[in-house]
Amino acid sequence: MHPPVRLGVRIAVLLALAVLPALTGALDQPFLLDLALRIMILATAAVSLNLILGYGGMISFGHAAYIGIGAYAVGIPAYYGEYSGYVQLPLAIGAGALFALVTGYICLRTKGVYFIMITLAFAQMAYFAFVSIEEYGGDDGLVIEQRSEFTGIIDMESTHQFYYVVLVFLVGALYLVSRIVNARFGMAVQGAKDNDQRMQSLGFDTFRYRLACYVIAGAMAAAAGWLMGNYNYFFSPEMMGWTHSGELIFMVVLGGAGSLFGPLYGAIVLIILEEQLSSATVYWPLILGAILIAVVLFARGGLEGMLAKLERRK
Amino acid sequence: MNAPLLETRGLSKAFGGITATEGVDLDVGEGKIHAVIGPNGAGKTTLIAQLAGMLAPDSGRIIFAGRDITRLPTHARARLGIARSFQITSIFHAMSVLDNTLLAVQAHDGHSYRFWRRARRDKRLTGPAMAALEQVGLGHKAASNASGLSHGEHRQLEIAMALAGASKLLLLDEPMAGMGAEESARMVVLLRGLKETKSILLIEHDMDVVFALADRITVMVDGKAIASGKPEQIRADENVRRAYLGMEGPGETIGDA
Ligand SMILES: Nc1ncnc2c1ncn2[C@@H]1O[C@H](COP(=O)(O)OP(=O)(O)OP(=O)(O)O)[C@@H](O)[C@H]1O
Ligand SMILES: [Mg+2]
């Protein structure tokens, strides 16, 4: 028996995230909580990207659009005085799913580099659409006065409570993806990634399974966007920008595309690196770029892949 | 006689200037093994690709179980009961051997919008998937990575995937090519045993295999079906010998090597 390295790391990371609020209180380091919140929210989005990119082979370069959509689903109702989380969260998920359904229907008719470009194009269209709406602040965006309300159940204004809401979303996303990829649906999606022609000759309408997968991922990412809007008290088109979509891809690839926890590890490492490097040097994007190239060239499976190797070696 | 399970009428397909199939009429009877033979480039694979829906014919019709399927997409034909094996192995390399046949079973067990239960623990999938592997002699490799198999084992897996779906019609494109003699012999026995439940369109270069198995044979040359009939008729057909087996000496008959 090999020591279960991967399982051990998974449990350790989740435990660390679970006890962090207590620790930061004791150490008087509130900025750590802030960092962990950002990591968990982006990791949730990266987990959803991994579902289509890692398991489904659909390299979307427009995933940040859903984060923006989710944030606007907090901000626009709030602008009109509607703060209920029971309105905002379903609105975010519904809008994300709808955007994925409409754009996916078109994107998924293309393959390879065309797919990448067209997902990027749709995200940019969403970006410019919101830039043009002066009512909601144009390209400056708007401040959100208060977080989503779940009166009597959760107080999202409480940092600790909000923290655990975010953690539940992250763990929920991980669990959902683990169920999906091992269920029949996930087998169909992974088969279509591996050999589309063979899947069709077996009797799978691969286009539809891909589209369904794309919609699920869009809905999940929009839920992450709903968290992001609440976290920032702010929304703007900039959240949909292609550099953010690139960051999400970076997280997935760095952590290990097609591995369950890879996106979380990728988010942790990328955001901490960004934090450290950006205060040390203005050339930090260069260093990040070099790291990404190294991962692609020398560690195809990303961080999860390295852990798996460790597991086999011992 | 009953209507044939599969009929083609005037099936034609050209690639630019090359006519790959031209006016092919074919009848595959229920429970029969129908062999298609012909030299390299005769258009056999192109014929199968049109039957399976991967290539659209330029003209002609395809009727399966009484239904015109000429315009039906590949996956819809597969769900009606047409399974195909590929001359150039086409499997799921990133998956285990069992996953490969499991997907073939899953394709025929209702829709796959099932998001929760683990597919690999579902006996309705693993049972028939394992059985198909046993049938071709790959049971012991079920847990291996598909990419790690030998060339001959890949060919066996290719057949297992066609068998696993419980289809009515198998389109087998040179299933034995690349197999060792022992596996090849095993396949002959296996295919003969399938006749109870399935019809088979078999493309095969090995004449011993063809004459051991076929109920009917169609000979293709340059895209045309130049002869079609019982094995004895084909063996005796002058046209066939001239066009296809010009290399055979006088007095020698096809297939009794
Ligand atoms: N996609 C394609 N594009 C252009 N020409 C093609 C294509 N596929 C097949 N051909 C041509 O059509 C003709 C028939 O090819 P096909 O593969 O159907 O022959 P075959 O009878 O299966 O031969 P073999 O016994 O070698 O497998 C050949 O001349 C081939 O070069
Ligand atoms: Mg061929």
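Small disclaimer: the values here were computed from a predicted structure and weren't measured. Naming convention: chains lettered A, B, ... in sequence-line order (proteins, then strands); numbering from 1 in each chain.
When each of B:His108, B:Glu158, B:His111 is checked for heavy-atom pairs under 4.5 Å with chain A, B:Glu158 comes out on top. Between chain B and the residues A:Arg208, A:Gln190, A:Arg179, the most heavy-atom pairs under 4.5 angstrom are made by A:Arg179.
Of the two parts of B:Ala94, the backbone and the side chain both hold a non-hydrogen atom closer than 4.5 Å to a non-hydrogen atom of chain A. Residue B:Leu102 touches chain A through its side chain alone, counting heavy-atom pairs closer than 4.5 Å. Both the backbone and the side chain of A:Ala188 come within contact range of chain B, each with at least one heavy atom under 4.5 Å from a heavy atom of that chain. Looking at B:Met161, both its backbone and its side chain come within 4.5 Å of chain A, counting heavy atoms on both sides.
Of all the heavy atoms in A:Arg184 and B:Gln106, the pair that sits closest is O-NE2, 2.9 Å.
Panel note: side chain B:Tyr113, backbone A:Phe185; no donor-acceptor pair is recorded below 3.5 Å.
In B:Ile88, the CD1 atom is not crowded: 12 or fewer heavy atoms of neighbouring residues, nucleotides or ligands sit closer than 6.0 Å.
Heavy-atom neighbours of chain A within the stretch residues 115-135 of chain B, taken at a separation under 4.5 angstrom, comprise B:Phe115, B:Trp116, B:Arg117, B:Arg118, B:Ala119, B:Arg120, B:Asp122, B:Arg124, B:Leu125. Residues of residues 139-147 of chain B lying under 4.5 angstrom from chain A, judged on non-hydrogen atoms, do not exist. Heavy-atom proximity under 4.5 angstrom to chain B picks out A:Asp194, A:Asn195, A:Gln197, A:Arg198, A:Met199, A:Gln200, A:Ser201, A:Leu202, A:Gly203, A:Phe204, A:Asp205 from residues 193-207 of chain A. Chain B is approached within less than 4.5 Å, heavy atom to heavy atom, by no residue from residues 104-115 of chain A.
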